[in-house]
Amino acid sequence: MRVELMQGRSNDRRWGIALLLAVPLLGLVIAQDVTSHVDWLISDQWVLRGDAAFGWWAELLKAVSLIGDFVPRLIISFAVALWLYRGERVVAAISFLLLPFLAGAYSSLFKLLFDRPRPQLIAHLDHVSSASYPSGHMTGAVLLYAMLVMVTPKRWRRLVLVCALMMMALTGLSRISLGVHWATDIVGGACVGLGFALLARPYLVAAEA
């Protein structure tokens with residue numbers, strides 16, 4: 001049992017590192033203009049134009065995107081950390097408070113290095129203040145939702161996993177549909193978030209899981 005646990009931790013670490021290393025590699029591919037055609041095709045299909053930018057679907061995507069903002073994510077992380085601390089899972093609680101800043105810094109580093117322009121297919125339907133790659137919203141959302149799955153007791157984990165996957169997908173779709181990110185920005189952000197979550201997984205999974 002102990003050997004299996006050690007192997008599982010080693011696999012998590014390898015996958016986490018691989019995903020984090022994939023971020024600069026994908027950035028280099030993007031910088032060579034390899035993905036521009038695919039990015040444009042996806043955005044052209046999914047961006048909200050005309051009346052669609054003001055309908056219920058647009059409002060739903062804006063709400064999902066709002067949850068992905070740094071402050072709402074930090075509030076959720078703090079609430080979960082408090083629950084974990086009260087359950088005497090101190091290391092997991094610290095992870096929930098620390099990882100958003102580490103993942104955000106890693107994401108911001110490559111925003112500065114690659115300085116990718118935002119899409120200009122439509123007038124942006126959300127405020128933006130930094131470069132496009134990788135998506136900070138997707139980084140934070142994937143990190144938060146993945147960690148929530150990991151700390152959830154086993155009897156509830158399947159339900160939380162389904163909800164988490166749905167929110168991750170909607171977050172990625174919202175950033176493209178609101179005209180503020182390319183699809184490859186979403187992939188890069190997801191790699192950052194999931195990479196950090198996997199590195200922290202041994203400290204997050206409930207003992208009874």
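Counting begins at 1 with the first residue of the sequence. Because only heavy atoms are used, hydrogens play no part in the values below, and waters and symmetry mates are left out as well, while side chains stay in. Every value quoted in this text rests on a predicted model; they were computed, and no experiment measured them.
The salt bridge (Lys or Arg N to Asp or Glu O under 4.0 Å) analysis of residues 116-125, with sequence neighbours excluded, yields the pairs Asp39-Arg116, Arg116-Asp185. Applying the salt bridge (Lys or Arg N to Asp or Glu O under 4.0 Å) test to pairs two or more places apart or on separate chains, those with a residue in residues 162-175 are Asp126-Arg175. Residue pairs meeting the salt bridge (Lys or Arg N to Asp or Glu O under 4.0 Å) criterion with at least one partner in residues 19-33, sequence neighbours excluded, do not occur; the list is empty. The list of side-chain hydrogen bond (donor to acceptor under 3.5 Å, both in side chains) pairs with a residue in residues 77-86, not counting sequence neighbours, is empty. Counting only residues at least two apart or in different chains, salt bridge (Lys or Arg N to Asp or Glu O under 4.0 Å) contacts with residues 142-152 are absent.
In this structure a side-chain-to-backbone donor-acceptor pair under 3.5 Å is missing from His124 to Leu178. Ser65 contributes no side-chain N or O that, together with a main-chain N or O of Lys62, makes up a donor-acceptor pair within less than 3.5 Å. Looking at Thr139, its side chain does come within 3.5 Å of a backbone N or O of Gly189 through a donor-acceptor pair. Put simply, the side chain of Arg89 gets close to the backbone of Leu204: a donor and an acceptor are under 3.5 Å apart.
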Show every donor-acceptor pair shorter than 3.5 Å between a side-chain atom in residues 104-114 and any protein atom, with sequence neighbours excluded, or say none if there are none.
residue : atom : partner : partner atom : Å
Tyr106  : OH   : Leu20   : O            : 2.6
Ser108  : OG   : Gly104  : O            : 2.9
Lys111  : NZ   : Ala131  : O            : 2.7
Lys111  : NZ   : Pro134  : O            : 2.9

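Looking at every heavy atom in both residues, Ala164 comes nearest to Val149 through CB-CG2, 3.6 Å. Of all the heavy atoms in Arg157 and Thr152, the pair that sits closest is NH2-O, 2.9 Å. Closest approach of Pro119 to Ser132, counting heavy atoms only: CD-OG, 4.0 Å. Minimum interatomic distance between Val142 and Met168 (heavy atoms only, all atoms of both residues): O-CE, 3.8 Å.
Take Phe101 and apply the ring-ring contact (aromatic ring centres under 6.0 Å, His included) test, not counting sequence neighbours, and it matches Phe70. Looking at residues two or more places apart in sequence or on another chain, you find a salt bridge (charged side-chain N to carboxylate O under 4.0 Å, His left out) between Arg49 and Asp44. Residues passing the salt bridge (charged side-chain N to carboxylate O under 4.0 Å, His left out) test with Glu88: none are found, sequence neighbours excluded. Every residue was checked against the ring-ring contact (aromatic ring centres under 6.0 Å, His included) condition with Phe96, not counting sequence neighbours, and none meets it.
Put simply, the side chain of Val38 does not reach to within 4.5 Å of the side chain of Thr184, judged on heavy atoms. In this structure the side chain of Leu148 reaches within 4.5 angstrom of the side chain of Val80, judged on heavy atoms. Between Leu144 and Met167 the shortest side-chain heavy-atom distance does not fall below 4.5 Å. Taking 4.5 Å as the limit, every side-chain heavy atom of Val151 sits out of range of all side-chain heavy atoms of Val205. Within the 4.5 Å cutoff, no side-chain heavy atoms of Leu125 are placed close to those of Val47. The shortest side-chain heavy-atom distance between Trp40 and Leu121 falls under the 4.5 Å cut-off. Counting only heavy atoms from C-beta outward, the side chains of Leu98 and Phe196 never approach each other to under 4.5 Å. Between Leu102 and Leu99, some side-chain heavy-atom pair lies under the 4.5 Å cut-off.
Here Ile42 contributes atom CD1 and Ser177 contributes atom OG; the two are 11.5 Å apart, rounded to the nearest 0.5 Å. Distance check: Ile186 CD1 to Ser135 OG gives 4.0 Å after rounding to the nearest 0.5 Å. If you take CG on Leu143 and CE on Met138, they are separated by 12.0 Å, rounding to the nearest 0.5 Å. For the atom pair CG of Asp115 and OH of Tyr133, the computed distance is 14.0 Å after rounding to the nearest 0.5 Å. Atom CZ in Arg158 sits 13.5 Å away from atom SG in Cys163 (nearest 0.5 Å).
Counting non-hydrogen atoms of other residues, nucleotides and ligands closer than 6.0 Å to CD of Gln120 gives a total above 12.
Clustering of Ile, Leu, Val, Met, Phe, Trp and Tyr by side-chain heavy atoms under 4.5 Å joins Leu82 with none of the others. The other members of the hydrophobic cluster of Leu97, by chain and number, are Phe78 (side-chain heavy atoms under 4.5 Å, ILVMFWY only).
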